[in-house]
Colleague: 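Once you've had a glance at the structure underneath, I'll fire off some questions.
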Amino acid sequence: MALLQINEPGQSTNPHEHRLAAGIDLGTTNSLVATVRSGEASVLPDEEGRSLLPSVVRFREKGDTQIGYPALAEMVNDPLNTISSAKRMIGRKTADIKTLRDHLPYHFDDESANVPRIITADGPRSAIEVSAEILTALKKRAEQALSGELAGVVITVPAYFDDAQRQATKDAARLAGLNVMRLLNEPTAAAVAYGLDEGSEGVYAIYDLGGGTFDISILRLNKGVFEVLATAGDSALGGDDMDRLIAEWILDEINQAELSTDNQFLRQVMVVARAAKEALTDNDSTVIKLTLPDGSTQTISLNRSRMNDIIAPVIDKTLLPCRRSLRDAGLDKTDIDGIVMVGGSTRVRSVQEKVETFYNRKLYTGVDPDQVVAIGAAIQADILIGNRATGDMLLLDVIPLSLGIEIMGGMVEKIIPRNATIPVTRAQEFTTYKDGQTAMSIHVLQGERELVTDCRSLARFELKGIPPMAAGSGRVKVSFQVDADGLLSVSAREATTGTETRVDVKPSYGLTDAEVEQMLRDSITHASDDIQARQLAEQRVEADRAISALENAMAIDGNTHLDDNERSALLECMEALGKIKEMDDADNIKQAINELNDLSEPFAARRMNASIQDAMAGHNINEFSE
């Protein structure tokens with residue numbers, strides 16, 4: 001534990017100058033927020049001491065939104081309004097989402113829209129808005145724990161997130177009111193945590209298998225410099241796919257494959273599949289219990305050996321990018337000094353065994369795989385906000401996919417190759433194709449294929465004002481610039497006249513600036529309505545708690561401490577509260593709760609007195625005073 005942080009003379013941060021910053025791991029299954037205090041990075045827990053926030057949001061009527069554990073508890077009962085694994089959908093078109101290997105129980109509002117929106121009881125919602133709700137909850141947790149407003153955050157993203165997915169993540173942060181200082185690749189964040197904690201140097205593979213994404217990065221650590229040599233992965237591969245395979249096995253075992261279209265039952269199967277996977281981390285076998293739609297139950301057993309066979313295709317699929325990253329880095333397995341395991345899915349024994357066998361190297365599992373990314377992000381945030389000397393660490397990240405433009409013949413000319421260190425600027429000259437050509441269309445693409453049809457379109461713009469001249473005589477310099485977040489801007493400049501056009505690439509799969517601004521305005525306009533909706537939800541929860549507590553007390557001691565008249569009065573009051581609770585008036589609900597509390601107070605007092613008498617039976621007062 002760091003007890004004292006010592007700085008060089010004149011370099012220490014004055015207490016009044018210390019700015020609050022945090023690192024956020026926005027995960028597929030769970031999300032976390034961490035910060036640096038007294039020189040030590042740690043994850044911030046919620047009020048109940050839980051560090052993880054389930055990445056689940058349930059949208060209900062009138063804006064009564066549930067986030068985290070309350071939403072997770074309703075996944076089976078309300079599958080169409082409870083959105084999970086939004087990270088797998090963020091920055092994707094509807095057509096892209098349909099190709100995911102996960103079964104999505106949701107209905108989409110407009111399948112032709114650039115930003116797919118899921119139909120919920122509170123209106124259509126995009127994955128960006130779902131992520132914004134999660135980020136808002138983490139922001140609130142951090143500001144409560146730190147007793148102040150966050151000046152900036154570092155948010156981690158999979159290394160293999162493309163430009164659209166990164167921009168969509170920043171859009172979500174804007175909606176949540178966060179100042180994003182940097183998007184940091186998750187494997188790099190893990191290396192930061194391990195590198196500073198362990199003082200490690202050498203070449204390391206960062207194997208990051210989360211709930212919905214997989215990354216493998218090869219990093220060289222040397223005297224505080226974290227240089228990413230190569231990265232590879234799959235932004236739609238993870239623990240969710242293991243759960244799906246286990247769920248399919250369960251359906252086959254109980255001969256209920258036809259129920260795979262029943263959204264509520266399918267959610268139940270997915271939940272028990274994940275629970276079985278987690279149980280088999282520490283146990284050799286587990287029992288799976290299911291309630292069928294007709295009310296009957298089914299019980300089956302699953303052992304670890306059988307589960308390993310079921311999920312083997314997912315794990316084997318992660319080893320292909322592992323081979324590719326070694327090839328891209330120009331390294332052999334023997335050049336790797338160690339393997340850092342990141343992500344909750346790396347807890348699966350079979351994952352650890354196959355990765356260790358593949359590399360034949362030591363696995364680093366010293367830091368909680370769920371927390372290591374958030375801790376690394378917090379360390380980087382502390383540096384970027386100015387609380388620590390920037391010379392402590394240098395991050396040299398890379399771009400995951402090549403960037404280029406379309407040239408004649410429907411081909412792609414790559415300007416920035418994948419695994420180029422960022423930030424980076426590259427330029428290339430092009431010429432005109434026709435005599436007298438006065439404009440040039442620039443089509444920006446991302447991908448590794450040679451044809452435009454096989455790559456992802458990011459942007460289109462035109463450079464006008466080219467002087468008419470013979471074909472091949474004009475010279476147009478196209479420049480690509482990728483910032484530290486991995487976000488791209490492109491410019492085109494005609495050499496003779498100096499005419500220039502520039503565009504910050506805003507993928508069509510993210511929210512437009514107008515949409516983001518409208519959502520921010522809506523959040524202000526409806527602030528009063530949102531407060532009232534929250535107050536109503538809180539009073540309804542309190543009413544349920546009061547009724548439940550009294551019902552339990554009456555079941556235990558009602559015959560002993562209540563007469564018939566009192567019992568009837570309490571039952572009548574509880575029934576009235578149950579009806580008032582369904583109305584949309586928080587003040588009336590609160591008043592009804594107070595009336596029930598007042599009416600039950602004599603009963604509660606008699607129960608308390610009886611408990612004290614039972615505790616003192618056989619003792620005298622002097623024993624307790626001693």
Side-chain angles (χ1 to χ4, degrees), residues 43-54 56 58 60 62 64-78 137 140-141 143-147 271 275 289 291 297 531-626:
V43 172
L44 299 174
D46 64 11
E47 295 175 349
E48 298 184 32
R50 300 171 298 197
S51 60
L52 300 179
L53 175 72
V56 184
R58 182 189 181 204
R60 299 193 287 181
K62 302 178 181 178
D64 186 10
T65 304
Q66 294 178 318
I67 305 168
Y69 288 99
L72 182 64
E74 298 298 330
M75 279 183 62
V76 173
N77 298 326
D78 192 13
K140 180 180 178 182
R141 177 189 296 188
E143 292 181 339
Q144 287 178 341
L146 300 175
S147 301
V271 168
K289 296 182 180 179
T291 301
T297 60
I531 292 173
Q532 291 178 5
R534 180 179 178 84
Q535 290 174 340
L536 178 60
E538 288 175 343
Q539 290 303 320
R540 283 175 171 168
V541 170
E542 182 61 22
D544 287 334
R545 185 206 61 78
I547 292 172
S548 177
L550 187 53
E551 285 177 341
N552 291 336
M554 290 174 67
I556 297 171
D557 294 322
N559 294 333
T560 308
H561 300 299
L562 287 175
D563 59 32
D564 291 341
N565 290 334
E566 288 175 320
R567 181 189 298 276
S568 297
L570 286 174
L571 290 174
E572 185 177 335
C573 192
M574 282 192 291
E575 183 179 358
L577 176 57
K579 293 179 180 179
I580 295 174
K581 178 177 73 74
E582 300 304 320
M583 301 178 183
D584 296 336
D585 192 322
D587 291 337
N588 283 347
I589 298 173
K590 184 176 182 179
Q591 182 178 344
I593 293 171
N594 291 336
E595 291 174 358
L596 181 61
N597 289 338
D598 292 342
L599 189 62
S600 63
E601 188 173 344
F603 173 46
R606 289 195 289 271
R607 292 189 75 214
M608 179 65 72
N609 292 336
S611 298
I612 295 174
Q613 290 174 4
D614 289 342
M616 294 184 64
H619 303 276
N620 60 59
I621 192 66
N622 292 329
E623 292 180 56
F624 292 95
S625 62
E626 292 172 0

Colleague: Could you pull out all residues at least two apart from D544 that satisfy side-chain hydrogen bond (donor to acceptor under 3.5 Å, both in side chains)?
Modeller: K581
Colleague: Can you tell me how far CZ of R141 sits from CG of D46, rounded to the nearest 0.5 angstrom?
Modeller: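 CZ of R141 is found 4.5 Å from CG of D46.
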Colleague: Filter on salt bridge (charged side-chain N to carboxylate O under 4.0 Å, His left out), then keep only pairs touching residues 587-600, sequence neighbours left out; what's left?
Modeller: none
Colleague: To the nearest 0.5 Å, how far apart are CD in Q66 and CZ in R60?
Modeller: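 The distance works out to 4.0 Å.
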Colleague: Should M75 and V56 count as side-chain neighbours, where that means a heavy-atom distance under 4.5 Å?
Modeller: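 M75 vs V56: side chains touch.
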Colleague: Within the supplied structure, the quantity of interest is the number of heavy atoms (other residues, nucleotides, ligands) at a distance under 6.0 Å from E572 CD; does it exceed 12?
Modeller: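 Open: at most 12 neighbouring heavy atoms sit under 6.0 Å from CD of E572.
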Colleague: Taking salt bridge (charged side-chain N to carboxylate O under 4.0 Å, His left out) as the definition, give me every residue that meets it alongside D584, ordered by chain and number, with sequence neighbours left out.
Modeller: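 With neighbours one apart ignored, the set is K62, R540.
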Colleague: Can you list the residues that meet the side chain to side chain contact (heavy atoms under 4.5 Å, CB included) rule with N609, with sequence neighbours excluded?
Modeller: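 None.
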Colleague: Flag yes if more than 12 heavy atoms outside D564 fall under 6.0 Å of its CG atom; otherwise flag no.
Modeller: no
Colleague: Enumerate, atom names and distances included, each donor-acceptor pair closer than 3.5 Å involving a side-chain atom of residues 552-561, sequence neighbours excluded.
Modeller:
{"residue": "N552", "atom": "ND2", "partner": "S548", "partner atom": "O", "Å": "3.3"}
{"residue": "D557", "atom": "OD2", "partner": "R607", "partner atom": "NE", "Å": "2.7"}
{"residue": "D557", "atom": "OD2", "partner": "R607", "partner atom": "NH2", "Å": "3.0"}
{"residue": "N559", "atom": "OD1", "partner": "R567", "partner atom": "NH2", "Å": "3.0"}

Colleague: Only counting residues at least two apart or in another chain, list the ones meeting salt bridge (charged side-chain N to carboxylate O under 4.0 Å, His left out) with E601.
Modeller: none
Colleague: Are L536 and D64 close enough, and set up right, to give a side chain to side chain contact (heavy atoms under 4.5 Å, CB included), and what steps lead you there?
Modeller: CA-CA 9 Å; L536 178 60; D64 186 10; over 6 Å; no
Colleague: Side chains of L577 and I547, heavy atoms from C-beta outward: is any pair under 4.5 Å?
Modeller: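 Of all side-chain heavy-atom pairs linking I547 with L577, at least one is under 4.5 Å.
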Colleague: Is any side-chain heavy atom of I589 closer than 4.5 Å to one of M583?
Modeller: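 Answer no - side chains too far apart.
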Colleague: Test of understanding: with salt bridge (charged side-chain N to carboxylate O under 4.0 Å, His left out), list the residues that count as partners of K289, not counting sequence neighbours.
Modeller: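 Checked K289 against salt bridge (charged side-chain N to carboxylate O under 4.0 Å, His left out); zero matches.
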Colleague: For E542, enumerate each residue passing the salt bridge (charged side-chain N to carboxylate O under 4.0 Å, His left out) test, keeping only those at least two apart in sequence or located in another chain.
Modeller: R545
Colleague: Taking only residues two or more places apart in sequence or in another chain, which ones pass side chain to side chain contact (heavy atoms under 4.5 Å, CB included) with E575?
Modeller: K579
Colleague: Could I get the full list of side chain to side chain contact (heavy atoms under 4.5 Å, CB included) partners for D78, not counting sequence neighbours?
Modeller: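 D78: side chain to side chain contact (heavy atoms under 4.5 Å, CB included) contacts with R58, N81, T82.
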Colleague: Using the side chain to side chain contact (heavy atoms under 4.5 Å, CB included) criterion, which residues pair with E143? Sequence neighbours excluded.
Modeller: K139, E149, L150
Colleague: Quick test of your reading of the model: are R606 and E566 salt-bridged, counting only N-O distances below 4.0 Å?
Modeller: yes
Colleague: Looking only at heavy atoms, what is the nearest atom pair of A569 and L599, with distance?
Modeller: O-CD2, 3.6 Å
Colleague: With distance as the sole test, does S600 use its side chain to make a donor-acceptor pair with the main-chain N or O of N597 at under 3.5 Å?
Modeller: yes
